[in-house]
Amino acid sequence: MNLEVTSVSRRPEKLSQAASAIQVITQDDIRRSGATSLPEALRLASNLEVAQVDSRQWAISARGFNSTTANKLLVLIDGRTVYTPLYSGVFWDVQDVPLWDIDRIEIISGPGATLWGANAVNGVINIITKPVPDTRGLYAAGGGGTELQGFGGARYGGAMSSNVHYRVYGKAFTRDRTALPDGRGARDDWHTAQGGFRLDWDASEVNQLALQGDLYGGKIAQPSASDIAVSGGNMVGGWSHVFSATSEARLQLYYDRTHRDIPGTFAEGLDTYDVDFQHRSVLARRHDVVWGLGYRLINDRVGNSAVLAFLPSHVRRRWYTGFVQDEIALMPNRLHLTLGAKVEHNDYTGYEVQPSGRVSWTPARGGALWAAVSRAVRTPSRIDRELFAPGQPPYFLEGGPNFRSEELLAYELGYRVQAQDRLRVSLATFYNRYDNLRSVEMVNPPAASPIILANGLKGKSYGAELTADYRLTDAWRLRGGYTEIRVRTAAKPGSTDTTRASSDPDRQLSLRSSDADARYVSEIKNQQIPAYGELDLRVAWQPVATLELSLVGQSLLHRRHAEFGAPASRHEIERGVYGRVEWHF
């Protein structure tokens with residue numbers, strides 16, 4: 001409960017005081033889980049839907065609307081938005097963050113648009129890596145097994161002077177293919193390599209600067225064409241300044257370059273330039289104000305094919321943003337009211353306003369009761385307006401030239417309490433109303449084609465997220481999570497859409513104890529995915545303080561099982577075992 005988080009208010013605050021449904025995955029959680037990729041680590045958050053689709057693809061979302069192109073979840077890595085304008089989502093196969101350098105992952109389920117902007121509709125994932133001084137010395141790890149066939153990596157951290165620290169790293173892996181329903185191997189094996197650096201400079205007591213970057217490249221097999229090629233890199237620079245004990249500012253700039261070539265389908269080269277400024281100040285003792293401005297420019301080039309096309313193939317898009325949030329201490333240490341709004345301008349729909357209001361009450365006996373009302377939007381992507389299939393007319397599918405932003409009005413109520421010294425319980429409930437959801441409309445009914453993307457659906461979702469953490473002893477900790485959710489969509493008057501089924505399980509249950517993780521996921525009805533339970537185990541031995549040997553088993557309860565995908569095209573995830581050696585000094 002005393003863990004410090006920053007994602008809810010864009011300032012440090014105790015987890016116990018955060019007026020939001022937030023969970024935190026720590027470095028110790030990741031290490032003990034045996035996770036080898038970022039999506040695997042995200043399974044540790046019970047307020048997320050995480051499903052493996054094949055060897056490289058994942059469907060990850062919060063509070064419904066999950067798919068491989070999920071577009072209502074904002075993901076940040078050290079402040080850099082991991083985003084593709086093609087579908088407003090994340091290519092998870094190239095987010096290969098070195099897990100050993102992660103300090104924590106903060107996961108907000110529910111809208112975070114007031115602070116983080118469009119597409120933070122159903123949740124925010126904020127991945128925060130360790131400061132460089134915390135990673136001094138040499139760290140090396142390697143191993144291999146059945147599904148994760150081979151992997152290795154190393155990081156070295158040092159100091160150029162008393163106030164300048166650096167680290168460099170490199171890593172690579174090879175993953176085996178998944179299985180088809182008939183037991184044959186699917187052609188989706190792949191391998192990537194990545195390297196990077198970070199430099200932290202404490203220029204003075206009030207000024208800190210940081211510079212970091214990454215480069216990666218890889219090859220991914222596909223069934224009927226040449227391998228998919230992925231590559232890219234990024235550079236992030238940040239400056240923070242402390243004016244006083246109650247006032248501070250931060251400036252961040254980054255450049256991100258990604259390239260993806262899928263032979264026979266499409267190729268994309270994307271350049272992203274981003275500037276973000278934030279200032280926080282405490283006014284009249286009762287007002288904790290955070291405000292900021294932002295600008296983003298993307299330069300997106302798509303190589304079209306006979307299968308599909310984005311027209312025009314080359315676009316430049318700009319986003320301008322501004323936000324302000326005021327946390328008002330109506331009763332210090334007891335009652336707080338938070339009001340804020342974000343204004344964003346994009347090239348598709350112009351100005352979008354996303355306000356929110358939150359109130360939190362801390363009773364005299366402890367705990368925290370909070371409630372929130374928020375509006376958020378998912379702005380159009382290139383798929384919504386500029387996608388055409390096939391790549392030449394006559395088209396069967398067309399993007400909608402008048403596609404508008406999808407809208408959410410969210411109501412949340414939660415309670416968080418620490419009973420005695422060893423038990424922590426958190427409950428978050430929500431009711432969401434959606435409008436202008438994406439639909440597939442027939443242009444000339446009853447003719448099946450052409451069809452066009454429009455905003456012909458509305459919907460609602462409601463549910464609850466319950467988590468509990470009980471420390472049996474200082475070394476033995478039990479954690480459980482249960483999520484119940486219902487998602488319903490309906491056609492608006494005049495819509496011809498018939499694709500309204502949700503690809504979400506109604507409930508999820510997880511239980512973790514030390515190095516064992518068990519999970520249950522109910523059926524996904526529209527995909528005919530049966531309910532399943534799985535178990536991951538890790539056994540580790542430290543013969544000396546600087547050396548650790550571990551053996552990890554993943555998905556141990558079934559030889560293979562499906563987690564996501566239509567029956568005709570789904571892959572099945574196989575049981576995996578791998579060994580690992582870690583050395584550090």
Inter- and intrachain pairs under ring pair (Phe, Tyr, Trp, His ring centres under 6.0 Å), touching residues 24-72, at least two apart:
Phe65-Tyr434
Summary of salt bridge (charged side-chain N to carboxylate O under 4.0 Å, His left out) pairs that have at least one residue in residues 185-194, sequence neighbours excluded:
Arg187-Asp227
Using the salt bridge (charged side-chain N to carboxylate O under 4.0 Å, His left out) rule, collect all pairs that involve residues 59-74, keeping only residues at least two apart or in two chains.
Arg63-Glu412, Arg63-Glu465, Lys72-Glu406
Check Tyr520 against Ala531 and note the closest heavy-atom contact, atom names and distance.
OH-CB, 3.5 Å
Atom of Ser514, atom of Ala475 and distance for their closest heavy-atom approach:
OG-O, 4.2 Å
Going by the rule side chain to side chain contact (heavy atoms under 4.5 Å, CB included), which residues pair with Thr81 if we only count those two or more places apart in sequence or in a different chain?
Leu74, Leu76, Tyr83, Tyr254, Arg296
Should we count [atom1] of [X] as having more than 12 external heavy atoms under 6.0 Å?
| X | atom1 | result |
| --- | --- | --- |
| Arg177 | CZ | no |
| Arg486 | CZ | yes |
| Arg422 | CZ | yes |

Is a side-chain donor-acceptor pair under 3.5 Å present for Glu147 with Tyr578?
no
For Gln23 and Ser46, which I'm curious about, is there any donor-acceptor pair between the side chains at under 3.5 Å?
yes
Test item: [X] side-chain N/O and [Y] main-chain N/O as donor-acceptor pair under 3.5 Å:
| X | Y | result |
| --- | --- | --- |
| Ser522 | Arg507 | yes |
| His259 | Glu268 | yes |
| Gln52 | Ile573 | no |
| Asn66 | Ser503 | no |
| Gln222 | Ser226 | yes |
| Thr146 | Val577 | yes |
| Arg570 | Gln527 | yes |

side-chain contact (heavy atoms from CB on, under 4.5 Å), paired with Trp190, selected from Asp176, Ile228, Asp93
Asp93
Which of Arg538, Glu40, Arg575, Glu574 passes side chain to side chain donor-acceptor pair (under 3.5 Å) with Gln554? Answer is Glu40
Is the shortest heavy-atom distance from the side chain of Leu437 to the side chain of Arg378 under 4.5 Å?
no
Set of ring-ring contact (aromatic ring centres under 6.0 Å, His included) partners for Tyr532, sequence neighbours left out:
His561
Using ring-ring contact (aromatic ring centres under 6.0 Å, His included) as the criterion, list what pairs up with Phe91, not counting sequence neighbours.
Tyr87
Run Leu38 and Trp92 through side-chain contact (heavy atoms from CB on, under 4.5 Å) and show every step you take.
CA-CA 8 Å; Leu38 183 56; Trp92 289 103; 4.0 Å; yes
For the residue pair Arg167 and Tyr169, would you count it as a cation-pi contact if the rule is NZ or CZ under 6.0 angstrom from the ring centre and within 45 degrees of the ring axis?
no
Taking it one step at a time, do Glu534 and His558 satisfy side-chain contact (heavy atoms from CB on, under 4.5 Å)?
CA-CA 7 Å; Glu534 275 302 349; His558 299 90; 2.8 Å; yes
[atom1] of [X] to [atom2] of [Y]: how many Å apart, nearest 0.5 Å?
| X | Y | atom1 | atom2 | value |
| --- | --- | --- | --- | --- |
| Asp101 | Asp134 | CG | CG | 10.5 Å |
| Thr467 | Asn47 | OG1 | CG | 8.0 Å |
| Asp54 | Arg56 | CG | CZ | 6.0 Å |

Is it true that Tyr470 and Trp476 have ring centroids separated by less than 6.0 Å?
no
By the definition salt bridge (charged side-chain N to carboxylate O under 4.0 Å, His left out), identify the one residue from Arg512, Arg43, Arg32, Arg479 that meets it with Asp517.
Arg512
Would you sort out whether Gln27 and Lys130 count as a side-chain contact (heavy atoms from CB on, under 4.5 Å), showing the intermediate values?
CA-CA 9 Å; Gln27 170 58 220; Lys130 298 176 182 177; 3.9 Å; yes
Worked check of side-chain contact (heavy atoms from CB on, under 4.5 Å) between His571 and Gln57:
CA-CA 10 Å; His571 291 206; Gln57 294 188 96; over 6 Å; no
